[in-house]
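Just below is one structure, and these are the notes that go with it.
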Amino acid sequence: MSGPGDLHLELMSDPCELAGARHAIADWAEAHGWASDDIAHLALAVDEALTNVIRHGYSGCAGEKIVLNVCAIDDPRRGPGVEIEVRDFGKQVEPSQIAGRDLDDVRPGGLGVHIIRSVMDSVEYTKAGDCGMRLVMRKYQRRADQPPETERS
Amino acid sequence: MSKDQAPVQIRTSQPPPRAVVHLSGEIDLRSVPELQASLLGLARGPLERIVLDMSGVTYIDSSGVGTLVVLKREIERARARIVLAGLQPKVRSVFEITRLDRFFTIADSVDEAQAS
């Protein structure tokens with residue numbers, strides 16, 4: 001997953017990195033012709049994914065490595081889009097345990113996964129070998145004849 | 001934004017018991033500790049109502065809205081209330097995605113919040 005125009009960032013598990021990562025994905029998406037609302041959602045998804053890694057993958061320890069890869073994709077059915085990979089080297093959890101929670105139970109925490117699943121079209125967590133997790137999330141650009149919020153997976 | 005720049009600015013234009021606090025900047029995991037300390041400190045004083053002017057907030061994530069949930073609980077424990085005012089559309093959408101727009105009282109402006 002590397003080509004001209006792709007974005008590759010190696011980040012530290014430090015909250016100070018979040019703003020830079022958000023602005024990097026927003027700049028990338030703007031350069032690739034994404035609409036303003038979708039750019040905001042991509043930045044939000046990246047932020048939430050990195051925040052979860054910092055909080056849960058590395059238990060708040062700064063200085064650990066996170067890799068962010070962003071590339072343009074073109075699906076024959078869904079058209080142009082973006083694939084975002086977030087790779088960490090922290091704790092592993094069963095992907096089936098990574099789920100959003102009941103929003104009627106109002107409390108802080110646990111909202112990040114729900115937000116990611118809400119704003120992206122597909123979200124897949126896997127264990128990355130013996131160390132860390134890999135999150136791959138995709139979003140497709142809306143066509144003029146296509147209503148938003150369709151075909152969530 | 002540079003690493004040294006404060007991600008969120010907090011300014012109180014009207015003190016308790018009917019406080020008006022203006023937030024600006026970006027609210028994320030980095031800014032949450034400062035935000036939490038400032039706002040929870042305010043909530044522990046004599047308070048009837050706090051209006052949180054968020055018109056200058058350009059970004060908020062789940063750690064930011066989670067902090068506001070904690071603040072609301074603390075304020076209500078003190079038998080006071082909180083009103084969020086002036087949310088920009090992209091900030092409001094985060095409250096909508098998490099359905100917290102139903103949990104908070106949200107006003108279009110500080111004036112509307114003060115009149116409520």
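Order of the sequence lines sets the chain letters (A, B, ...), proteins ahead of strands, with each chain counted from 1.
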Is [Y] reachable from [X] through a run of I, L, V, M, F, W or Y residues, each pair having side-chain heavy atoms under 4.5 Å apart?
X	Y	answer
B/Ile10	B/Leu71	yes
B/Phe103	B/Leu87	yes
A/Phe89	A/Leu11	yes
A/Met12	A/Val67	no
A/Val113	B/Ile60	yes

### Task
For A/Glu30, look at atom CD and say whether over 12 heavy atoms of other residues, nucleotides or ligands are found less than 6.0 Å away.
no

### Task
Heavy atoms only, distances under 4.5 angstrom: which of B/Val32, B/Asp61, B/Val94 has the most pairs with chain A? Name it, please.
B/Asp61

### Query
Between B/Thr67, B/Leu100, B/Thr98, which residue shows the highest count of heavy-atom pairs closer than 4.5 Å to chain A?
B/Thr98

### Task
For the pair A/Glu48 (side chain) and B/Ser62 (backbone), establish whether a donor and an acceptor sit closer than 3.5 Å, ignoring hydrogens and angles.
yes

What's the spacing between [X] [atom1] and [Y] [atom2] if we round to 0.5 Å?
X	Y	atom1	atom2	result
B/Arg99	A/Ser118	CZ	OG	9.0 Å
B/Ile97	A/His41	CD1	NE2	4.0 Å
A/Leu18	B/Ser63	CG	OG	7.5 Å

### Task
Would you check, one step at a time, whether the test salt bridge (Lys or Arg N to Asp or Glu O under 4.0 Å) holds for A/Glu17 with B/Arg30?
CA-CA 9 Å; A/Glu17 298 270 33; B/Arg30 182 188 174 196; over 6 Å; no

### Query
With side chains defined as the heavy atoms from C-beta onward, is the minimum distance between A/Arg22 and B/Asp28 less than 4.5 Å?
yes

### Message
Looking at chain B, which one of A/Ile54, A/Asp47, A/Leu111 has the largest number of heavy-atom pairs inside 4.5 Å, strictly under?
### Response
A/Asp47

### Query
Side chain, backbone, both or neither: which part of B/Ser93 has a non-hydrogen atom closer than 4.5 Å to chain A?
side chain

